[in-house]
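So you know, we letter chains A, B, ... as the sequences are listed, proteins then strands, and number each from 1. Being a predicted model, the structure only gives us computed values, none of them experimental.
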Amino acid sequence: MPDRKKPPKTELITSIPFINPTGARLPNGLPIYFMEGGTEDFLKVEMVFFAGSYQQFQPLVAYATANLIRSGSRHKNREEIHELLDFYSAHLQLDAQKDITSVSMFVLNKHLEPALDLMAELIRDPLFPEEELLAFLKNQKQLHLINQKKVQHLARTCFNELVYGESHPYGYKLKVEDFDQVNRDQLLAFHHHWYRPENAFCIVSGKLPDHITQAMAHRFGDDSWLGQDKPVSPFYKMLSTGSRKVHLEVPGAVQSAVRIGKQLVNRTHPSFHKLKITNALFGGYFGSRLMQNIRQDKGFTYGIGSNLVSLLKSGYFFISTQVGTVVTHEAIKEIYKELVALRTVPASDDELETLKNYLSGSFLRSFDGPFAQSERLKELLVFGLDQRHYEDYLTTLKTIKAEEIMLTAADYLHEDSMMEVVAGGQG
Amino acid sequence: MVEFRKHTLSNGLKVIVHRDTTTPMAAVNILYDVGARDEDPDRTGFAHLFEHLMFEGSVNILRYDYHLQHAGGENNAFTTNDITNYYLTLPAQNLETAFWLESDRMLNLAFSEEKLATQKNVVVEEYRQSYLNQPYGDAWLMLRPLAYTEHPYRWATIGQCIDHIYHANLADVKSFFKRFYHPANAILTVAGHVDPDHVFKLAEKWFGEIDAGQGNIRDLPREPSQKEERRQVVERDVPQDQIFMAFHMCARTHPDFFATDLLSDILANGDSARLPAKLVHEQKLFSEVNAYLTGNIDPGLFVITGKPHSHVDARQAEEILWREALTMANEAIGVRELQKVKNKIEATQTFSESNVLAKAMNLSYHELLGDAAMINKQTDAYFSVDASHIKRVAADLFALRNVSVLHYVKKDQPGL
């Protein structure tokens with residue numbers, strides 16, 4: 001008979017099995033990193049350009065450029081491109097974010113050669129056919145209109161605008177007219193400026209064939225891909241922030257989306273690791289104070305959480321939930337109570353130990369396998385950091401004390417410094 | 001190739017182990033052979049509500065999540081019309097914690113009125129968040145009872161209505177546990193950096209003493225074959241119409257299943273598939289189209305759906321989708337077109353085998369279907385389907401007497 005009252009012994013994670021990437025530069029200077037690992041015969045090729053909505057002069061241009069590289073190239077039309085991608089089951093992901101655009105492809109090793117040929121052609125020689133652009137914008141406009149019916153979406157976009165200001169690319173809220181103002185020349189110019197080896201890095205992860213360096217150099221390494229002159233990022237002034245509250249009334253909504261938070265530092269800041277841990281205690285996992293209070297104790301919501309987002313030139317903190325309209329007011333009161341408690345009520349030894357164990361397990365999970373590790377490496381490269389960043393995190397996690405968490409909360413997450421958006425019913 | 005070992009305890013619990021030493025983690029999956037299809041028609045949503053209660057403490061362990069987090073683990077669960085599936089991952093050296101936690105909640109739960117009341121509220125909020133407060137979110141609440149008149153697939157896992165959730169009481173919860181949560185009704189799979197012999201020992205130690213429980217004989221009403229077309233129109237505050245066409249298809253273990261799945265891939269898997277290529281990109285009649293299977297064990301639904309642009313009305317949109325569906329039965333399927341969808345299957349299968357949690361889930365699921373070893377025969381089963389088989393399936397499926405059509409249309413709003 002096992003003793004069911006007593007938990008089995010657990011061991012803490014002491015180190016992370018980092019895969020050391022091998023790095024190289026292709027002849028044209030493009031930095032490329034290889035991460036070998038995995039059990040199955042496939043790999044991921046990811047090209048990251050420092051070209052996001054921050055670099056665009058017209059809303060939607062970065063997003064449209066990324067999405068339309070597969071809609072026509074110098075040698076192939078949209079139909080041919082998609083047929084080849086599907087035939088070689090090359091899973092192409094195009095992701096235009098605020099600061100970067102990532103083009104990545106998962107592919108079985110046996111289809112690598114033709115898939116790489118295609119990837120290179122899409123990245124280097126897109127045509128952005130006018131007709132494809134118009135169709136794309138029309139469909140995106142429909143999705144935009146559907147999103148306007150979602151309280152969660154309304155709260156998110158309004159919150160970003162409050163935090164960064166309507167004219168800053170981090171805060172800009174898309175308008176329905178924006179979908180009529182993008183043209184092909186803007187995409188060509190954006191691509192011409194930013195999709196260049198001197199503005200990029202590349203990570204290849206998974207089961208790597210012997211000739212992978214040559215295979216990459218052959219398609220992405222030549223000088224003719226270099227730009228004429230180095231492009232300069234536009235500069236935007238960020239809105240200075242104060243605390244503000246906004247209520248967006250949505251008739252007929254049975255739930256309200258709540259978003260509370262503020263502008264904050266990004267992962268290059270010395271306090272970032274402490275903030276990350278403080279945030280986890282507050283709302284970063286199922287055992288967090290927010291989740292335990294507002295879902296598990298009160299039953300106000302299906303889920304609630306908080307997070308830290310790192311952007312290249314800034315960062316922000318936010319709490320997000322959807323709650324029944326009748327309990328919206330009460331739920332918000334509880335959120336502020338927890339913010340106060342975060343800087344006044346120390347975590348008990350038990351609460352802190354559980355948090356630390358959970359976070360170290362979750363850290364280990366985030367390094368599980370070559371594809372997860374390539375994501376971690378990408379984070380470092382985007383912010384100009386190295387592996388010490390993650391080692392420092394583990395050290396902070398091991399040594400942090402309850403008082404430091406309270407001090408961090410008092411310094412950065414004071415309840416009076418928050419922006420608040422509620423989209424939904426008044427209740 | 002996913003290698004595994006299998007062992008059944010004397011109380012009927014099936015245990016499957018897959019070893020993968022390239023990861024420091026272990027994944028543990030417990031599938032209970034109970035889903036929304038096993039519910040009383042007057043108490044729908046119960047299997048899913050019960051899933052929530054499984055995290056609210058067991059007979060010896062008050063806080064499931066707390067102890068798992070303490071061991072560096074993470075977990076979740078989902079309920080479908082067929083199964084309730086619980087899964088977790090944790091650093092492999094802490095594997096025994098998972099056995100301690102999972103066996104205790106199979107042994108018995110710490111039921112309480114208070115926890116039931118809270119989780120009812122949480123589920124009602126989930127209902128609102130996912131079904132009521134989303135554009136198009138309630139479509140399946142209407143489509144299911146249109147397509148099914150007898151079989152319990154006629155209600156959604158979340159429940160037919162919010163009232164059913166409010167009416168759940170503690171006596172129902174206890175009898176549900178007794179009936180479905182016992183070793184012979186579960187499949188436990190462990191995948192990751194583990195030693196199979198050690199896993200079998202742990203299984204015996206923690207689960208071996210749990211009573212076998214009564215067997216559960218499933219006797220669900222059969223859905224009578226449909227005789228004529230069924231239609232429904234609803235108006236909602238949405239920016240765009242959406243058409244749903246649901247056709248009755250075969251069961252998961254039927255020989256036609258793989259051909260049916262490939263049929264949906266030819267129609268809609270990937271941008272070069274027929275529906276998106278033609279209707280979205282070439283003719284620009286729709287902004288989105290899709291074709292998919294509901295993925296059930298009993299005979300499920302083959303769904304074709306699309307959101308037409310505003311110059312195409314719902315009636316025309318439906319005709320266009322019909323026309324495309326019928327070409328599958330009447331015109332040739334290209335050799336390369338068929339090879340393409342098979343290549344996609346192969347890739348998807350390979351990608352999923354790079355993840356221990358996905359492997360653990362799939363092993364459990366295939367064991368439920370009859371044999372865990374089927375996990376390694378899926379790709380071959382798809383590759384052996386030929387074009388004539390797909391055409392025959394299409395001809396059977398796409399008939400007026402086999403369809404339920406829902407027009408989910410935009411409410412007229414003058415001035416908007």
Checklist entry - Hey, mind stepping through A/Asp350 and B/Tyr66 against side-chain contact (heavy atoms from CB on, under 4.5 Å) and telling me if it holds? => result CA-CA 10 Å; A/Asp350 186 48; B/Tyr66 163 81; 2.3 Å; yes
Next on the checklist: Between A/Arg4 and B/Glu209, is the salt bridge (Lys or Arg N to Asp or Glu O under 4.0 Å) condition met? List the steps.
Outcome noted: CA-CA 12 Å; A/Arg4 294 189 178 274; B/Glu209 64 175 6; 3.0 Å; yes
Next on the checklist: Is there a side-chain contact (heavy atoms from CB on, under 4.5 Å) between B/Asn343 and A/Phe87? Walk through the geometry before answering.
Outcome noted: CA-CA 7 Å; B/Asn343 286 350; A/Phe87 188 80; 3.9 Å; yes
Next on the checklist: One pair to check against salt bridge (Lys or Arg N to Asp or Glu O under 4.0 Å): A/Arg78 and B/Glu282. What are the steps and the verdict?
Outcome noted: CA-CA 10 Å; A/Arg78 204 204 74 83; B/Glu282 189 191 320; over 6 Å; no
Next on the checklist: Would A/Tyr302 and B/Glu126 count as a side-chain hydrogen bond (donor to acceptor under 3.5 Å, both in side chains) here? Give the steps.
Outcome noted: CA-CA 5 Å; A/Tyr302 178 47; B/Glu126 181 181 0; 3.2 Å; yes
Next on the checklist: Would B/Val122 and A/Thr301 count as a side-chain contact (heavy atoms from CB on, under 4.5 Å) here? Give the steps.
Outcome noted: CA-CA 6 Å; B/Val122 169; A/Thr301 180; over 6 Å; no
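Heavy atoms closer than 4.5 Å to chain B are found nowhere in A/Asn77, neither backbone nor side chain. For a residue to count as touching a neighbouring chain, one of its non-hydrogen atoms must lie under 4.5 Å from one of that chain's; by this rule B/Asp20 touches chain A with the side chain only. For a residue to count as touching a neighbouring chain, one of its non-hydrogen atoms must lie under 4.5 Å from one of that chain's; by this rule A/Leu143 touches chain B with the side chain only. For A/Val107, the part sitting under 4.5 Å from any heavy atom of chain B is the backbone (N, CA, C, O) and nothing else. Heavy-atom distances place both the backbone and the side chain of A/Gln296 under 4.5 Å from chain B. Neither the backbone nor the side chain of A/Asn147 comes within contact range of chain B, judged by heavy atoms closer than 4.5 Å. Interface remark: B/Glu114 contributes no atoms to any contact with chain A (heavy atom separation under 4.5 Å). With a 4.5 angstrom heavy-atom cutoff, B/Asp65 touches chain A only via side-chain atoms. For B/Glu353, the parts lying near chain A are the backbone and the side chain together; criterion is any non-hydrogen pair under 4.5 Å. Heavy atoms of A/Gln140 lying under 4.5 Å from chain B are absent altogether. Heavy atoms closer than 4.5 Å to chain A are found nowhere in B/Phe99, neither backbone nor side chain. Residue B/Ala273 touches chain A through its backbone alone, counting heavy-atom pairs closer than 4.5 Å. Heavy atoms closer than 4.5 Å to chain B are found in the side chain of A/Phe42, but not in its backbone. For B/Glu288, the part lying under 4.5 angstrom from a heavy atom of chain A is the side chain only. Residue A/Val254 touches chain B through both its backbone and its side chain, counting heavy-atom pairs closer than 4.5 Å. Residue contact with chain A, scored on non-hydrogen atoms closer than 4.5 Å, is absent for B/Thr348. Heavy atoms closer than 4.5 Å to chain A are found nowhere in B/Leu68, neither backbone nor side chain. Contacts of A/Tyr285 with chain B are made by side-chain atoms alone, with heavy-atom separations under 4.5 Å and no backbone atom involved.
Among A/Leu12, A/Asp297, A/Asp86, the residue with the largest count of heavy-atom pairs under 4.5 Å with chain B is A/Asp86. Here B/Thr118 is the residue among B/Asn269, B/Val123, B/Thr118 with the most heavy-atom pairs under 4.5 Å with chain A. Here B/His281 is the residue among B/Gln134, B/His281, B/Gln93, B/Lys120 with the most heavy-atom pairs under 4.5 Å with chain A. Counting heavy-atom pairs closer than 4.5 Å to chain A, the top-ranked of the candidates B/Glu74, B/Gln339, B/Lys115, B/Glu337 is B/Glu74. Highest contact tally toward chain B, considering only A/Gly324, A/Pro7, A/Gly361, is held by A/Pro7 [criterion: heavy-atom pairs under 4.5 Å]. With respect to chain A, the highest number of heavy-atom pairs below 4.5 Å among B/Asp104, B/Leu132, B/Val59 belongs to B/Asp104. With respect to chain B, the highest number of heavy-atom pairs below 4.5 Å among A/Lys6, A/His82, A/Gln292 belongs to A/His82. The candidate with the highest count of non-hydrogen atom pairs below 4.5 Å against chain B, out of A/His91, A/Arg295, A/Lys9, is A/Arg295. Across A/Gln255, A/Lys356, A/Lys298, the residue that shares the most heavy-atom pairs under 4.5 angstrom with chain B is A/Gln255. Of the listed residues B/Asn60, B/Asn75, B/Asn121, the one with more heavy-atom pairs under 4.5 angstrom with chain A than any other is B/Asn60. Interface remark: of the candidates A/Glu79, A/Glu131, A/Gln148, A/Lys138, A/Lys138 forms the most heavy-atom pairs closer than 4.5 Å to chain B.
Two residues are said to be in side-chain contact when any heavy atoms from C-beta on lie closer than 4.5 Å; A/Leu108 and B/Glu346 meet this criterion. Side-chain contact check for A/Asp41 versus B/Thr350: every heavy-atom pair is 4.5 Å or farther apart. Within the 4.5 Å cutoff, no side-chain heavy atoms of B/Lys307 are placed close to those of A/Gln142.
Contact record, A/Val151 with B/Asn133: CG2-ND2, 3.6 Å, taken as the closest heavy-atom pair. Of all the heavy atoms in A/Asp368 and B/Pro24, the pair that sits closest is OD1-CD, 3.5 Å. B/Pro135 approaches A/Lys150 most closely through the heavy-atom pair CD-CG, 3.7 Å. Nearest heavy-atom pair across B/Lys344 and A/Ser89 is CA-CB, 3.8 Å. Contact between B/Pro239 and A/Ile146 at its shortest, heavy atoms only, is CG-CG1, 3.5 Å.
The distance from atom OH of B/Tyr136 to atom NZ of A/Lys149, rounded to the nearest 0.5 Å, is 9.5 Å. Atom CZ of A/Phe106 is separated from atom OG of B/Ser354 by 8.0 Å, given to the nearest 0.5 angstrom.
Without hydrogens or angle criteria, B/Trp206 side chain to A/Pro2 main chain gives no donor-acceptor distance under 3.5 Å. Side-chain atoms of A/Arg365 come within 3.5 Å of backbone atoms of B/Gly72 as a donor-acceptor pair (strictly under, hydrogens ignored). Within the 3.5 Å criterion, the main-chain N or O of A/Thr10 finds no donor-acceptor partner in the side chain of B/Asn94.
Here B/Lys340 does not pair with A/Glu83 in a salt bridge; the nearest charged N to carboxylate O distance is not below 4.0 Å.
When each of B/Gln69, B/His67, B/Arg63, B/His70 is paired with A/Thr354, the side-chain hydrogen bond (donor to acceptor under 3.5 Å, both in side chains) condition holds for B/His70 and for no other.
Other residues, nucleotides and ligands contribute over 12 non-hydrogen atoms within 6.0 Å of the NZ atom of A/Lys175. Applying the 6.0 Å contact sphere to CD of A/Glu80 captures more than 12 heavy atoms from other residues, nucleotides or ligands.
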